[in-house]
Amino acid sequence: MSPPVVLAIAATDSGGGAGLAADLATFAALGVHGACVVTAVTAQDTLGVRAVHPVPFDVVAAQLDAVLDDLDPVAVKTGMLATPEIVRLVASRCAGRRLVVDPVLRATTGAVLATDDVIAAYREHLLPVATVATPNESEFAALGRPSGPNIQVTRGGDIATTNDHGTGCTHSSALAAHLAHGADLPTAAARAAAYVSHQLRLGKDWTLGRGRGPVAHIHATTQGEIA
Ligand SMILES: Nc1ncnc2c1ncn2[C@@H]1O[C@H](COP(=O)(O)OP(=O)(O)OP(=O)(O)O)[C@@H](O)[C@H]1O
Ligand SMILES: Cc1ncc(COP(=O)(O)O)c(N)n1
């Protein structure tokens with residue numbers, strides 16, 4: 001049987017920890033086929049963001065058309081959306097699907113990834129059509145503390161690790177993957193939290209880069225079989 005298709009609409013992270021790298025690795029780990037629409041290219045590593053280059057709007061729209069026309073994703077997750085025009089496009093084209101919105105406004109390392117007009121577009125256009133939105137505390141505050149059953153504020157957890165770059169991306173992608181498999185929202189949320197804490201535990205002693213390392217997205221036993 002074919003796997004469900006899940007679409008990630010987000011930005012690249014050259015360090016491979018956050019954004020689309022985290023999204024596609026999580027999709028692979030959880031048995032869904034991942035499609036991706038690139039909204040921006042970031043020059044980034046475990047220490048910080050050096051540059052952000054938004055993809056032109058018509059190229060983002062063309063990627064989205066291609067995926068929606070041909071692959072009919074059962075669930076969509078959004079990460080960094082870069083411009084208010086992209087936020088509005090995603091809201092109009094993805095409303096009605098299982099839509100997980102992770103409002104990426106700032107990197108853990110401090111860089112601002114969304115301007116005020118992007119935040120306003122989230123509030124007006126994207127949050128109202130989300131199946132679930134997963135801001136962390138500071139994103140929740142920046143969005144004006146929106147209320148509603150579809151707002152699930154994320155709050156870190158009890159695993160002590162500095163290898164947590166891309167945790168929010170990983171969590172929202174896991175949520176979308178479980179929704180695509182047919183889980184209801186409470187079940188998908190519980191499974192996503194369990195996946196993230198399990199993978200954070202597996203990667204907590206890794207030393208990749210000099211800053212905040214990535215989550216170990218793929219189960220450790222596969223490493224033993226390959227190496
Ligand atoms: N240290 C941890 N131990 C266990 N679970 C965690 C931990 N950190 C995060 N999680 C899980 O991942 C979810 C998302 O984490 P968090 O709230 O830190 O996201 P975030 O701040 O958006 O992350 P990022 O800044 O990487 O995008 C949490 O709700 C929780 O389920
Ligand atoms: C392309 C991209 N998307 C999302 C994040 C947020 O992840 P984090 O908060 O872990 O830095 C990021 N840093 N870069």
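Counting convention: from 1, in listed order, for ligands and their atoms alike.
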Donor-acceptor contact present, side-chain [X] to main-chain [Y], <3.5 Å:
X: Thr46; Y: Arg210; value: yes
X: Ser172; Y: Cys169; value: yes
X: Asn150; Y: Ala130; value: yes
X: Asp164; Y: Pro214; value: no
X: Thr170; Y: Ala22; value: no
X: Asn163; Y: Gly203; value: yes

Does any donor atom in the side chain of [X] or [Y] lie under 3.5 Å from an acceptor atom in the other side chain?
X: Thr187; Y: His178; answer: no
X: Asp102; Y: Thr134; answer: yes
X: Asp13; Y: His165; answer: yes

Backbone or side chain, does any N or O of [X] fall under 3.5 Å from an N or O of ligand 1?
X: Ile159; result: yes
X: Thr108; result: yes
X: Thr167; result: yes
X: Gly156; result: yes
X: Ala193; result: no

For [atom], find the nearest protein heavy atom and state the residue, atom name and distance (0.1 Å precision).
atom: atom 29 (O) of ligand 1; result: Thr154 CB, 3.3 Å
atom: atom 12 (O) of ligand 1; result: Val196 CG1, 3.4 Å
atom: atom 24 (P) of ligand 1; result: Gly168 N, 3.4 Å

TODO: Could you walk me through whether Arg97 and Asp72 pass salt bridge (charged side-chain N to carboxylate O under 4.0 Å, His left out), step by step?
DONE: CA-CA 10 Å; Arg97 292 179 197 262; Asp72 195 23; 2.9 Å; yes

Considering only heavy atoms of [X], which atoms of ligand 1 have at least one such atom less than 4.0 Å away?
X: Ser197; answer: 4 (C), 5 (N)
X: Asp164; answer: 26 (O)
X: Gly166; answer: 26 (O)

Open item on the list: I need the minimum non-hydrogen distance between Val104 and Glu139, along with the two atoms involved.
Closed with: CA-OE2, 3.8 Å

- [ ] Tell me which one of Lys204, His198, His171 gets a heavy atom nearest to atom 13 (C) of ligand 1.
- [x] His171

Task: Minimum non-hydrogen distance to atom 22 (O) of ligand 1, winning option of Val215, Thr161, Thr170, Asn136 - done: Asn136

TODO: Among Lys77, His217, Gln199, find the residue that satisfies the side-chain contact (heavy atoms from CB on, under 4.5 Å) test when tested with Thr26.
DONE: His217

TODO: Would you please write out the protein residues whose heavy atoms approach any atom of ligand 2 to under 4.0 angstrom, listed by chain and number?
DONE: Ala11, Thr12, Ala18, Gly19, Gln44, Val104, Ala107, Thr108, Leu113, His165, Gly166, Cys169

- [ ] Flag yes if Leu47 and Val49 sit in one hydrophobic cluster, no otherwise; membership is Ile, Leu, Val, Met, Phe, Trp, Tyr, and two members link when side-chain heavy atoms are under 4.5 Å apart.
- [x] no

TODO: Determine whether the side chain, the backbone, both or neither of Arg155 has a heavy atom under 4.0 Å from any heavy atom of ligand 1.
DONE: backbone

